[in-house]
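Proteins come first, then strands; the chains are lettered A, B, ... in the order of their sequence lines, and each starts at number 1.
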Amino acid sequence: MGGGQLSSAPLPRSFFERPSHEVAPDLLGRVLVHGPVAVRLTEVEAYGGPGEDPAAHTYRGKTPRNAVMFGPPGHLYVYFTYGMHFCANLVCLPEGFGSAVLLRAGEVVAGLEEARARRSSARRVPDRDLARGPARLTMALSLAREHNGLDAVREGLAAGQPHQAAAVLEGLPAGPELIRSGPRTGISTAKETPWRFWIDGDPTVSPYRAHVPRRRNAAATSVGEVPSS
DNA sequence: TCGCAGATTACCT
DNA sequence: GGTAATCTGCGAG
């Protein structure tokens, strides 16, 4: 791949010993490697600790589910949601704070065929959609429940690929001046906190979708209509 | 482009 | 026992 090389030094643990909203923009443009697949991060979201961020899983304190978020920095917090999807976070701040960065979207820069094969859908998926969205990203990287708590720093999973190298690979300028921030996606509280960060103009950034309340069972809640069955 | 169904988990009452 | 959840794929218009 020309000048772009995917082998660079992994990020040091100290990289993650900062507030998540400082780590998040720094992760953009860096490449996450897991097995044969590498993903360049283009969109992330920061989540705070207990009592400070109502949108974070840690807001109500430590539970068996979110225990990893309270663990040492640089570890992977992988959780299962909506009955079928996994989402991956990187833990920030020293042990005990409960802060993390959600990996929302990225661009597959290596192992395209492998990533495509992992998709359950038989439909043709455009390259840019392979890791466009938090659950798709974890699928492309083949991350699941068994990776919850994995030390991403020790495993070299969080490779410190600088913006410039990724830019060479894809011919895109991805400098700090292109990093944008705004309200987070898909959450029902603290929407105004601008802790979502993305690379401006990158086609793999997921479109903003405001949180839509899940529709109640219409037949059960509708008192004005009589079910015809 | 928009709206909904799907299926599992964990937390709260 | 009830309900919301850091979402995605698909069908209709």
Side-chain angles (χ1 to χ4, degrees), chain A residues 19-21 23-25 27-28 32 39 41-70 75-92 98-106 108 115-116 118-149 181-198 203-222:
Chain A
S20 55
H21 62 274
V23 173
L27 281 171
L28 293 175
L32 210 64
V39 170
L41 296 175
T42 59
E43 184 183 359
V44 294
E45 279 179 6
Y47 286 87
E52 66 177 30
D53 184 0
H57 282 180
T58 51
Y59 183 62
R60 296 175 201 278
K62 190 173 180 178
T63 67
R65 183 199 197 193
N66 65 26
V68 172
M69 273 182 83
F70 288 89
H75 284 233
L76 269 182
Y77 167 49
V78 182
Y79 69 93
F80 191 65
T81 190
Y82 286 95
M84 61 194 87
H85 301 302
F86 288 102
C87 295
N89 296 246
L90 281 168
V91 178
C92 298
S99 179
V101 174
L102 168 69
L103 310 177
R104 280 203 62 84
V108 178
R116 198 189 308 278
R118 287 171 181 165
R119 295 297 291 258
S120 52
S121 171
R123 288 158 50 105
R124 183 178 53 82
V125 181
D127 289 354
R128 70 171 205 177
D129 283 352
L130 284 172
R132 193 189 195 201
R136 293 166 173 176
L137 188 148
T138 53
M139 198 184 302
L141 284 172
S142 192
L143 294 174
R145 195 193 318 275
E146 64 263 31
H147 299 101
N148 186 35
S181 67
R184 290 175 295 187
T185 312
I187 57 176
S188 52
T189 57
K191 290 180 244 201
E192 68 285 352
T193 309
W195 280 3
R196 171 176 174 246
F197 302 89
W198 69 93
T204 61
V205 173
S206 58
Y208 177 78
R209 295 161 90 172
H211 174 79
V212 278
R214 310 237 327 126
R215 198 159 160 272
R216 308 287 295 263
N217 184 328
T221 55
S222 172

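Between A:Thr81 and the phosphate of C:dC7, there is no side-chain N or O to OP1/OP2 separation shorter than 4.0 Å. Side-chain nitrogen and oxygen atoms of A:Arg119 include none within less than 4.0 Å of the OP1 or OP2 phosphate oxygen of C:dT8.
Looking only at side-chain heavy atoms (C-beta outward), A:Leu143 and A:Phe86 stay at 4.5 Å or farther from each other. Proximity of A:Thr58 to A:Tyr47: side-chain heavy atoms (C-beta onward) are nowhere separated by under 4.5 Å. The shortest distance between side-chain heavy atoms of A:Val108 and A:Asp127 does not fall below 4.5 Å.
When rounded to the nearest whole Å, the span between CG of A:Leu130 and C1' of C:dT8 equals 14 Å. A straight line from OH of A:Tyr77 to P of B:dA10 spans 10 Å, rounded to a whole angstrom. Atom-to-atom, CG of A:Leu143 to P of C:dC7 comes out at 17 Å; the value is rounded to the nearest Å. Per the geometry, CG belonging to A:Asp129 stands 14 Å off C1' belonging to C:dC10, to the nearest Å. When rounded to the nearest whole Å, the span between NE2 of A:His85 and P of C:dA4 equals 19 Å. The distance between atom CZ of A:Arg132 and atom P of C:dC7, rounded to the nearest whole Å, is 15 Å. In this structure, OH of A:Tyr82 is placed 8 Å from C1' of C:dA4, rounded to the nearest angstrom. Between A:Leu103 atom CG and C:dC7 atom P the separation is 13 Å, expressed in whole Å.
For B:dA5, the paired base is C:dT8 (Watson-Crick or G-U wobble, both distances below 3.5 Å).
Between the CZ atom of A:Arg128 and the OG1 atom of A:Thr204 there is a distance of 8.5 Å, given to the nearest 0.5 Å.
Heavy-atom distances to DNA chain B give each of A:Met84 and A:Arg145 a nearest nucleotide, and the one nearer the 5′ end belongs to A:Met84.
Proximity note for A:Arg60 (side chain, C-beta onward) versus B:dT9, C:dC7, B:dC12: the nearest is B:dC12. Listed nucleotides: C:dT8, B:dT8, B:dC11. Nearest to the side chain of A:Phe80: B:dT8.
Under a 4.0 Å N-O distance rule, the pair A:Asp129/A:Arg119 does not qualify as a salt bridge.
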